Structure formats: C-alpha cells, structure tokens
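We name chains A, B, ... by the order of the sequence lines, and we start the count at 1 in each one. Quick caveat, the model's predicted, so the values are computed rather than measured.
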2 protein chains.
Amino acid sequence: MNSDTRSAIHPASAGPPTARSATFSPLYQQIKGLITQGLESGQWKPGDMIPSEIELAGRFGVSQGTVRKAVDELAAEHLLVRRQGKGTFVASHTEPRTQFRFLRLTPNQGEPRYPESTILECKRARAPADVSRALELKAGEPVITIKRVLAFDGVPCVLDELWLPGGLFKGLTAERLTESKAPLYSLFESEFGTKMIRADEQVRAVAAAPADARLLRVAPGSPLLSVERLTYTYGDKPVEVRKGLYITRDYHYHNELI
Amino acid sequence: MNSDTRSAIHPASAGPPTARSATFSPLYQQIKGLITQGLESGQWKPGDMIPSEIELAGRFGVSQGTVRKAVDELAAEHLLVRRQGKGTFVASHTEPRTQFRFLRLTPNQGEPRYPESTILECKRARAPADVSRALELKAGEPVITIKRVLAFDGVPCVLDELWLPGGLFKGLTAERLTESKAPLYSLFESEFGTKMIRADEQVRAVAAAPADARLLRVAPGSPLLSVERLTYTYGDKPVEVRKGLYITRDYHYHNELI
DNA sequence: TAGTGGTCTAGACCACATG
DNA sequence: ATGTGGTCTAGACCACTAT
C-alpha cells in the first residue's frame, strides 16, 4: 500500500515503497497542506465538520496515525478544533475562545467581556502608504477603512481604525456593520469568506491627540495604549491593518508569556 | 506487559491489563508528571540531556510512543528541547530563543537586541501587600527587591522593579548582579535553581511620575508603557513580581496573536 | 558504526456523543 | 449500536550527529 499511497499524493513521483527524494516533505506535512487547501478554498467553512480521520486516511492513502499527526498540528495552530466523540471542526471566530485570542483587553477586576461597537465611519478610500505596504497592495489600489469606538456600559474604551483590501470586502458598508451585533472577524468570515488566522501587534504608550481625546472623552495628552495590528489569513497573506487606542484605567492588555 | 507497566507507575493500583479506574489519567500524562518531577527536583538541570526515549520507556515500563507523546507536549510547553540526532534537553534561559520569549521589547527598526543593565538597588525587605499576595507569601515574610535601569547604547529604556521570595534567593546581592552579564533568568536558574517557566503580564499606558521620569530621562507626565508581570516556576508556583516602565519611542512591545 | 530523535504503519481498545 | 476522536502498543525504517 505504501507505493500506492505516495503516488496518490504525488502522482508524478511514484517510486518504490521507501523511495523519498530530497525535495519530499514528510507525509503528514503534505496532508497538512492538503487539509489547509480545503480550508482556504472554502470547501470546509468555519463551523463545518471535516471528514473523519479514517475517511481522510483512505482518501489520501495514508494511515490514520499520519492523518492524526497532521490534524493535531492544525488543531495546535487553532485552524481546527477537535471534539471527542463528535468530530473535527473548522475553527470559527463565533466561538468565544477564538474571539478572546484577538481581544486582549481585560478588566482589572472581573471576567473578560465583549464591548459594544459604534461605527463612526466606513468608506472606500486610497490607502496611506504604510498601510498599502503592509497589505502588499499596489499604490492606488482601493481599501475599505472603518473607524469605530468600543465601549463598556456606554463608557468609551477603545478608538479603532482599520483598513481592509477593497477587493476582498466588496459590499461592506456602515449599515451592514451597524446591523450586525457579531464581532468583526465573525462577520468577515461568514459574510466575506476571509478568515483571520493570526496577527502581529506592536504596543506602545502615546499621548492622546486632541481629536482622539474628544472621541474617547479623556483629557488631551492623557496616556493611551497604542496597539497596531497586522492580521493574516491563510498562507500568511496580510489582510487587515488595525490601529487602536485603548484607555487602560479600568482595563489592561493581557498577555501570557509561555 | 501491560499490567506490569501500570504497576510500575502505580504500584498500589495494579490490575488486569485493561483496568483503568475513573481516577486514572492517561499514561502519557503520568509520564509527563514523572519527567516534570525530575526537572523540578533538579535531577536534570537546564542544559542537561535527559535519558533517551527508549531508556525512559524501559524505565517507566511503557512503549516508546507513549514517552514520545509526553515529551512532545513538554517540548511544546518549552520545558524540553528536542534536537534530532543528539537527544532531548532541559530548556534553559541561556538560549536566545528562551530569552526573547520573556523580553518583548523590540526595536521599531532592526533586530531584537539585549539591553545593558544597571542595578540601582538590591535589598531584603518586607513585601508590599499586593506583592505578598501575588507571591502567596505570609505577611512579613522577607522578599528580595531589585531595582534597575535597562539601556540600549547608554540610552535608558526600561525602569524595572522586581520582587522575589527571600527564601529562594538567599545570597543575592547587588554585587553579584552587577558582576553577572547574563540575563536575570539565566542567573536565577544557574545560581539559585529557580527556573522561570511562564508569566502573565498586564500592560497599560501611564504618565511618568517625577521620580521615574528623572531616572528614565524623560519629561514628567510622558506616556510610559507599564508592564506588570507575575512569573511562575514548575507547578504553577509564583516566584517573581516585576513592574516595568518602558519608553516606547524607539522600541515597542511585540506580541503575536495565534 | 552506534545512538538519537523523526516518520509511518497496523491494529487494538477506550471514552464520548448520538440515534 | 454506531461513529467519532483518544490512548497505547510493537515494530520498521529514515535522518541526523557524533565517534
């Protein structure tokens, strides 16, 4: 079965059972790639159950243990979620665990909560140079920019501005954002088919500019936490730039070093 | 072999091959615990090679695959480091990778570097109430407190104050800290046998108090990044409280969301 | 050449969820 | 009762490191 196996994955490179050229990656890595393709292409959408390990093993012509190792790693990367007795599912931003991986704002006392959002602006525009560079867009390619305030119990806490490639988010309007009570990333994955996977953040302390201070209802010059985020989807493709200003009097940015 | 196996690990609970009471955790979890004991007790010190998988499998009376799963998880938690062809080693803060997991300060341009340290103070003292609570010490138990400035090329960047349980760090003096050019955690693990494993951080933006501003050579009221850290060693035991103030003009706090 | 971790297989049985 | 993921075994062979 071994030679059949390998030829199933690399039809052009079949060889004797133990043949493996220098360019071959381990089978389980190849399986990871094939599963990731299914996710990227939308064949399996967030929340969907993917085929069982046995089914995938048969389909790819490898043993169940090999599929298991591939799925284990994808689960460790939070692309998949295993549920014993039920199956393996595509991770979704509708799940609270996923949401709080991308919302690090935590109350100084009490449990993490999700804030209310007020959209200030949502329009198509030309991207600033740094945003354009970060999103790997050509100069002049359109982006959609969103500006909003996040609040807890009516008290402003975050002033957020973000930029998205226009091509991926056609039809995104302020109305649609205002109607939806779901978190942004949840909306993005369900309505626009773009799933945020990971992000890099740069955190700084800055003094509040007058305009920002007014929107956040703090004194100009107050210390604010600046959080600049670059977010990636499958294949390490950058798809969101986000700049946030946080008031960290009653909340803080939480991080676990492991 | 199965019944021998289990009796080797739980001498008092041996049973038929397939017996497993409700209180039994999976074998590989038990193996994880046994290996962790070896780390915690100092049987294997940072940098040491632990016995091979086959050796451990024989010693614990389980298959190599079970040891492998245990070691895999400990490596994922950064307690161990695998090196193909060489062996498996106890992770150490002398390795750059480990150091930068706990030093998130990154230049806005260029590669991460390690700053120079100037010790301002190192003394035994009574812990403030919040520190005492965080370290789970009884009121009045002594702590060692260290105050220092970190700088890049002579330019102050971080003002750090930290508290350690006195009992674990006997003989820690300013001289010893000043002599050592190694990072603190490296010194702690090699000289005092306390290995820092993970930490929780709370990040905020604050205004510089006059005294802090003077030490950091910034204007009073300047925005500073406040980073409060509680650090744990084996067994989730808290062993360090650290409060840092960062100047984030040329550097930022970097974080990857995954 | 020998020892280490890395990959892969085949098969057994357990634990959990559901019909 | 069935199907799912979770654990465990036994053994083969590969890739890397050192002597």
Looking only at the side chain of [X] (C-beta and beyond, no hydrogens), which of the listed nucleotides [options] gets closest?
| X | options | value |
| --- | --- | --- |
| B/Lys86 | C/dT7, D/dG5, D/dT17 | D/dT17 |
| A/Met49 | C/dC8, D/dT4, D/dT9 | D/dT4 |
| A/Ser63 | C/dT4, C/dT7, C/dT9 | C/dT9 |

What's A/Gln84 touching, base or sugar-phosphate or nothing? Going by heavy atoms closer than 4.0 Å.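 Base contact - A/Gln84 has a heavy atom under 4.0 Å of at least one base atom.
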
Base, sugar-phosphate or nothing for B/Arg68? Non-hydrogen atoms, less than 4.0 Å.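 Since a base atom lies under 4.0 Å of B/Arg68, the category is base.
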
Under 4.0 Å between a Lys/Arg side-chain N and an Asp/Glu carboxylate O for [X] and [Y]?
| X | Y | value |
| --- | --- | --- |
| A/Arg104 | A/Glu201 | no |
| A/Asp160 | A/Arg242 | yes |
| B/Lys32 | B/Asp72 | no |

Check whether B/Phe89 forms a cation-pi arrangement with B/Arg83 (NZ or CZ under 6.0 Å from the six-membered ring centre, at most 45° off the ring normal).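 Yes; both conditions hold, so B/Arg83 lies above the ring face of B/Phe89.
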
Think [X] has a side-chain N or O under 4.0 angstrom from the OP1 or OP2 of [N]?
| X | N | result |
| --- | --- | --- |
| A/Arg82 | D/dG6 | yes |
| B/Thr88 | C/dG5 | yes |
| B/Thr66 | D/dT7 | no |

